[in-house]
Number of protein chains: 6
Amino acid sequence: MLIRVINPNTSRAMTDKIGRTAREVAGPGVDVVATCPTPGEGPAAVESHTDEAWAALTVARDVADARADGFVVACFGDPGVDAARELTTGPVIGIAEAAMHVATLAGRSFAVVTTLSRTLGRAQDLVRRHGFGDACVASYAADVPVLDLEEPASAAHESIAALAERAVRVDGADTVVLGCAGMTDLCADLTERVGVPVIDGVAAAVGLVAGMVRMGVGTSKRDEYAPPPRTAPRLTRR
Amino acid sequence: MLIRVINPNTSRAMTDKIGRTAREVAGPGVDVVATCPTPGEGPAAVESHTDEAWAALTVARDVADARADGFVVACFGDPGVDAARELTTGPVIGIAEAAMHVATLAGRSFAVVTTLSRTLGRAQDLVRRHGFGDACVASYAADVPVLDLEEPASAAHESIAALAERAVRVDGADTVVLGCAGMTDLCADLTERVGVPVIDGVAAAVGLVAGMVRMGVGTSKRDEYAPPPRTAPRLTRR
Amino acid sequence: MLIRVINPNTSRAMTDKIGRTAREVAGPGVDVVATCPTPGEGPAAVESHTDEAWAALTVARDVADARADGFVVACFGDPGVDAARELTTGPVIGIAEAAMHVATLAGRSFAVVTTLSRTLGRAQDLVRRHGFGDACVASYAADVPVLDLEEPASAAHESIAALAERAVRVDGADTVVLGCAGMTDLCADLTERVGVPVIDGVAAAVGLVAGMVRMGVGTSKRDEYAPPPRTAPRLTRR
Amino acid sequence: MLIRVINPNTSRAMTDKIGRTAREVAGPGVDVVATCPTPGEGPAAVESHTDEAWAALTVARDVADARADGFVVACFGDPGVDAARELTTGPVIGIAEAAMHVATLAGRSFAVVTTLSRTLGRAQDLVRRHGFGDACVASYAADVPVLDLEEPASAAHESIAALAERAVRVDGADTVVLGCAGMTDLCADLTERVGVPVIDGVAAAVGLVAGMVRMGVGTSKRDEYAPPPRTAPRLTRR
Amino acid sequence: MLIRVINPNTSRAMTDKIGRTAREVAGPGVDVVATCPTPGEGPAAVESHTDEAWAALTVARDVADARADGFVVACFGDPGVDAARELTTGPVIGIAEAAMHVATLAGRSFAVVTTLSRTLGRAQDLVRRHGFGDACVASYAADVPVLDLEEPASAAHESIAALAERAVRVDGADTVVLGCAGMTDLCADLTERVGVPVIDGVAAAVGLVAGMVRMGVGTSKRDEYAPPPRTAPRLTRR
Amino acid sequence: MLIRVINPNTSRAMTDKIGRTAREVAGPGVDVVATCPTPGEGPAAVESHTDEAWAALTVARDVADARADGFVVACFGDPGVDAARELTTGPVIGIAEAAMHVATLAGRSFAVVTTLSRTLGRAQDLVRRHGFGDACVASYAADVPVLDLEEPASAAHESIAALAERAVRVDGADTVVLGCAGMTDLCADLTERVGVPVIDGVAAAVGLVAGMVRMGVGTSKRDEYAPPPRTAPRLTRR
């Protein structure tokens, strides 16, 4: 089984990190390819609705071109997931929805800890669209730009840990959802520190895709996700 | 006051039609520019999530470049509205949200009549995001491709009228929302035929934008819609 | 076009103030009449459900008697709007619903700042009935009686400003909705002070009514809002 | 214990019928007074929002004047219940909310069968305000004017029975809620005919008020329902 | 009329206390039997989902065996209520649902004050299932084990009073719902102290059951609550 | 990794069938034990709330006694899942919640096809508790007793297929959820016949549990699911 994990930003370092997590949890018999757009063909980071619009096209284009048994969109806004579902028959799962599904199987309530506060609106949209409005008891932003997560010396890790602890102690969250693919390497440490399951969407999505492929469940091609009239365009910065 | 109405598909004929409606309802003192991407810089029609991803970027790019007091996104999926709000200070309104807001001021309940059934999922997402889940009592697709609306000889008009009548008689809709910018020229005739207000999102959005500009209300730039770290890319098909 | 703005309390000073705002935002070609009941034919202020019951009848009576292209009910509980819709064919919009609709077009979330805490229940009913339960992130009362808003020397303005700022800083409201027609003259100053759009329902309602009249959309007369079996009674205090 | 049952329309015959039901279910130790406004001081029937506005004032005035341990508002739109709660310390319960509460204790789901379709909007508002949106699986109107219920020879009874049966067989309603105080005398017969509990709001409200008085629970006077700044006006048709 | 009040834990003292409350509010003509399982046939207290599973069977068994006109399940998790409804024709009401129904008739909003925080999840499930998600503005646990309520010298009473006051002052609750049958004797004192109606589910349920029996309304036997294929087993600890 | 799949009814044949499915989808490195209570220690089938109460205790007892990395409760009412989560540290997933989670990853909407109509209420409770109220567009019962599924000659398969097709064609369901563990062997055939993903909860739950164990996520032991004061009792029919 081949799972393709698409990081829609152009950071190669982050993509490698995401690939490592994906391989660790994939289990025997599952191959993982982690990919990202080349500079100029996707946003440097996804930190706004504007970035997300570009990221969505990047994801759609990649799924239209590649072959895999299932796809993971490794960006917490789940950009392009709907489009990608039109363009393949296998499962396509975003890391935000994946993390939320797993979180609600591990406890009654969860909190989201993400990077920039300006992205909380998008997170809220996803929470509600997927029916997790009652389960999500808090969402916090650490005010950390996405690419700072790649700086070991930054205060990012500490800020995130503090918010995760607050979500558990003050808001009574049963679990904590990490709101960025770039936090994937913090998951084990945070789980230990906070004392409740901390959910990394990359791991969650890989687990869900692998499970669905094994049980023979892909994307329903009934109507909304049937092949589209026009495929995803291949665009480049002018 | 200048309102810029962006049709994100490349049909010049549809754009002209949209511009005519916009000018008719704009009232004295309001100038309207109706625009669309050149072929190769946007989708031929918006009939899938894949098309919508491209449309969103098209809208964002246009708003980033143009100057206007307010913007209307003239495509029923409201593609790119969130991104566009980051890129200007004036109001930005999609025709789907506009039509739904006006519909709920004209009656308790509304129905949506749109083109292709595969787009009903997106319409449902918008209905729920904007809080109109209780008000929307039905949504129908006439199984008419978007560009057929430009063919006077097609059966499109008839199919749409039949569904609008059904929504009123069977589902008890107080008003009917037209689910495509390309239906803008059918509005008056359908209103007369169906006997309840039929809401065209283009007219609704122009009215709302003009009203907001007059009362000095634009887009809140507090956090989510503050200027983004990176502006909208200028992309072209490779 | 003639818009009739009905203040259901008997304060002539407040009615004049409301009329000024309405005329300022109405735009060219729109005439505005602002009216209120004579003392003894309506409540001195609307500060309770009991006051609102009387206000509703006052509004219904006025709409039944007057001629206009559209009506605005200038009281934040939107009293009598449902009845008034039965009694005319044009649009009828309350300032609470108007402000909420416009607020959700200017940002994702809003807060309400009103006069007395005992009226927050009614505000909450309106928020939910119109589908804005997710968008409304806070509602505050300044503990200011309605008629104190007419006293320039009162602390009312200051209290309202403090709550508006709190709503933005603490609750993360993208916009602030003013919860009383008598606050209409504070809107510009508060907008500047708070730094986000502050929405005055009088201006919002006038803009919406004018837009609906221009696009030819009135109240659906299908069933609920068809002419009632009995018109509004003309009542006087015994 | 004295319970005052207020029929806000001026039909003396309907009021007497309501009083009979109330006395039958009140149980030992409970006195019931059933009252209605004199002609010219209230609507002949409550069949529109306009009628309801007048009915609300009628109820408020009666509660302000009378003495009782608890009050029942015997009109399915629950007009004036909020105002009445401000004007007394005992419980005040409308027959719509009463019937819905009891219905959800007798089964998972209920349907409403009422008189005129134009009143279904108000019924829906009450269903949602009280949290019964999931429980209410259907609502039907028999297209029977309220006062026709007083005509033994009318087809009203038959129409209502047919809709109640449809609600059970087709919509799977566990119980049926009668949508008008004037249907109170049909309840026993309909229960037998339909085979599920048919809930009459008059009986339900009397039972709830009596129970609350016995356990010493009245209306919370904390804030919203504290005594209002101005009492209910005594109005008469000019 | 005979009402059977089932305390599913094995505390005889708590059962006696519950019986006293039930008799006080039952009114003339209503006999009350209060019962509980013998040790080894039910949990010592209901403080977890595990306890609740046993309690549910205990309740179902008791209802299958006993004869009564109506049943009250005197445990705030309402264990076994659904099963019991299958096993009798009269009304079966849990004290949690009863208290919530009465609370929303006495004011707009309520708060729950219960014993252990680990049971708040179950309380939340009941709040939402019965449609009271908007009405319930807070829920607190006093961190008091259930059987401590039987110790007059314990700090339980004081902790509960402090939380009830907080719910009213800080959260704006119109009423307070007691979250354990063992708090029934605190109700009068707390009402006086907090100044708003404090609702004891035992009293509320008895009042509701008595009212339903008087109006001839039992459990709908349509489908879900029809007699089950197998009756409740009689189980004993091995 | 060891996953324990608990069928809470006493049918050995159904348990074997469930075990076969579980092993097929578990993937390399995952051992599966499928178990059920001995006759007299659990219900013959789970077809009512009464049966479910017994099933819940059966599940709780099994989880308290057994050792495994994760547990699946193989009964569509998810009986005892909450209790079981208190009694282990690994993940515990019911087949109803599992199927719903996977269904919403494979399409926007799903329908449930179950055995007896009397169990639809429980299914609805689960749909809402887990936030899938918008996604679940229909639920049907084939009127097939659970144990008839073990009869190859019965009409059960045909009835289920007809309802699944109806859900897709008429209700527009993107996927179909099988509402009973005993349908697990029908899944492949139904998928082919209906043309959309048909989700078997047993496979879904095994996939989810395996994924969670691999990513190191178990049940949050924060508060609600911490070890309970009393463990599950070992009960036997008297």
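Order of the sequence lines fixes the chain letters, A, B, ..., with proteins taken first and strands second; residue numbering starts at 1 for each chain.
Close approach to chain B, defined as a heavy atom under 4.5 Å from one of its heavy atoms, is seen in S117(A), R118(A), G121(A), R122(A), D125(A) of residues 112-126 of chain A, taken by number. Contact residues of residues 63-85 of chain B toward chain A are D82(B), A83(B) (heavy-atom distance under 4.5 Å).
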N/O donor to acceptor pairs below 3.5 angstrom from side-chain atoms of residues 132-145 of chain A, sequence neighbours left out:
unit_1: D134(A); atom_1: OD2; unit_2: R128(E); atom_2: NE; d: 3.4
unit_1: Y140(A); atom_1: OH; unit_2: R166(A); atom_2: NE; d: 2.9
unit_1: Y140(A); atom_1: OH; unit_2: D171(A); atom_2: OD2; d: 2.5

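Within the 4.5 Å cutoff, the side chain of L57(A) has heavy atoms near those of the L57(B) side chain. Looking at D51(B) and R230(A), their side chains come closer than 4.5 Å, going by heavy atoms from C-beta outward. Side-chain contact between T236(B) and L235(A) is absent, with no heavy-atom pair separated by less than 4.5 Å. A 4.5 Å side-chain heavy-atom check between T50(A) and T231(B) finds every atom pair outside the cut-off.
The greatest number of non-hydrogen atom pairs below 4.5 Å with chain B, out of P43(A), A232(A), G40(A), P229(A), is found for P229(A). The most heavy-atom pairs under 4.5 Å with chain B, out of A60(A), A44(A), P233(A), come from P233(A). Here E224(B) is the residue among E41(B), E224(B), E47(B), R222(B) with the most heavy-atom pairs under 4.5 Å with chain A.
No more than 12 heavy atoms of other residues, nucleotides or ligands sit less than 6.0 Å from atom CD of E158(B).
With sequence neighbours excluded, the residues forming a side-chain contact (heavy atoms from CB on, under 4.5 Å) with A103(B) are F110(B), T175(B), V177(B), I199(B), listed by chain and number.
The closest donor-acceptor contact from the side chain of E86(B) to the backbone of S48(A) lies at 3.5 Å or more, if one exists at all.
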